[in-house]
Amino acid sequence: MSRELINAGIAGTGTYVPERVLYNSQLEELVDTSDEWIRSRSGIRERRIARPDQATSDLAVAAGERALENAGMAPEEVDLIITATNTPDMFFPATACLVQEKLGAKNAGAFDLAAGCTGFIYALATGSQFIATGSCRTVLVIGAENLSKITNWKDRNTCVLFGDGAGAVVLRPTVEDRCILSFKLRADGAGALHLHMPAGGSRQPATRETVGQNKHYIHMNGREVFKFAVRVMGEAAEEVLALAGLSKSDLDFFIPHQANIRIVKAAARRLGLPMEKVLVNVDRYGNTSTASIPLALEEALQSGRIKKGDNVVMVGFGAGLTWGAVAIKW
Ligand code: ACO
């Protein structure tokens, strides 16, 4: 028996960033770096840092509440919560379950999704499939990170890059063609060690020694990740455009993962897009991993840069290595 697939559309968005701003000049006091180096090599001017008492679920709940309000939905109407994160509150249970309880989404299933910084793209694609098959009518997709808690503040290679934040979208069935048009998810585990947290899992359980060796923090081969990102960003965008039956000239707005302004510009060049059609907020938030795309989406909507009927492509890349893209008609 074949069933018609149902279009999934974004019915609401919401974000949250912590109040505390950390400026490049403050990092100059922690490590051997400079505001000039950070700005010119990454485009970052400042980032937000969560309070010590704020865990990832707290950020996720704030963004989730706003998204539900924006969509005009009550928590009880949510069928499924997917939380994409690299910084769960705990190894287990899933952060999504903590979010479910705090939101009062008493009719929802909940799970976490780990796909590095591509997590939001993976979660959006996954959530859309629950809508497409008719098994859910309301899916809350959240990208939330507390990267400051897994950052080695003595490592200049990483500590200047990351920030905290959360963004959420509500997916609902739609009869219109303003919906998720296509997606593509990719992975290459051969590059897993270019970006990872070495200890704390079953390969190297946490011990005094692993903590002493800073193996519970982000370890990154920045140059390799940079080369990979520049290669895959434009490619993934072109793939989802083709799957949606669109060409590069049909693309109205581009939302890339915000890791480094040089990576964003390289992807835009490949797509032949002027920077007016590209959302950039890495200067204000740094790399917020799974939160970066929904934070950028909300900003583009609030500023009116995305208009009804626009073809929008979002692209992510990150640890795994993973990458992926989603095309949406807004
Ligand atoms: N301040 C000053 N100097 C620095 C700093 C710093 N904060 N960090 C590194 N350097 C030095 C390096 O030690 C190196 O010195 P050396 O030549 O004496 O060894 C020099 O600057 C140049 O280093 P590069 O790595 O070549 O610098 P690059 O221009 O590539 O910029 C950066 C580094 C910003 C990390 C870049 O490679 C990058 O953005 N990579 C991608 C990172 C990324 O996107 N990660 C997140 C992925 S998403 C996820 O899943 C979390």
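Numbering starts at 1 and runs along the sequence shown. Read the numbers this way: they start at 1 and go in the same order the structure lists the ligands and their atoms. Please read all numbers here as calculations on a predicted model, not as lab measurements.
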Would you call [X]-[Y] a salt bridge at under 4.0 Å N-O?
X      : Y      : value
Asp164 : Arg47  : no
Arg305 : Glu299 : no
Glu224 : Lys227 : yes
Asp310 : Lys329 : no
Glu46  : Arg284 : no

Quick one: does [X] get an N or O within less than 3.5 Å of an N or O on ligand 1?
X      : value
Cys117 : yes
Arg262 : yes
Thr33  : yes
Ser42  : no
Phe162 : no
Ser289 : no

Would you list the pairs meeting side chain to side chain donor-acceptor pair (under 3.5 Å) in which at least one residue belongs to residues 193-206, sequence neighbours left out?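 Found Gln204-Lys215.
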Look up atom 20 (C) of ligand 1 and tell me if a protein heavy atom lies less than 4.0 Å from it?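 No, no protein heavy atom sits under 4.0 Å from atom 20 (C) of ligand 1.
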Of all the atoms in ligand 1, which lie at a distance below 4.0 Å from a heavy atom belonging to [X]?
X      : result
Gly318 : 48 (S), 49 (C), 50 (O)
Asn287 : 46 (C), 48 (S)
Asn260 : 34 (C), 36 (C), 38 (C), 39 (O)
Ala319 : 49 (C), 50 (O)
His257 : 48 (S)
Gly222 : 37 (O), 40 (N), 41 (C)
Phe317 : 44 (O), 47 (C), 48 (S)

Is Ile38 near ligand 1, meaning one of its heavy atoms is under 4.0 Å from it?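 Ile38: no contact with ligand 1 (<4.0 Å).
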When rounded to the nearest 0.5 angstrom, what distance separates CG in Asp188 from CH2 in Trp323?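 Going from CG on Asp188 over to CH2 on Trp323, the span is 5.5 Å.
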Side chains of Glu145 and Thr288: is there a donor and an acceptor less than 3.5 Å apart?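 No donor-acceptor contact under 3.5 Å links the two side chains.
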Any side-chain donor-acceptor pair under 3.5 Å between Arg172 and Asn7?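 Looking only at side-chain atoms, Asn7 and Arg172 do not form any donor-acceptor pair under 3.5 Å.
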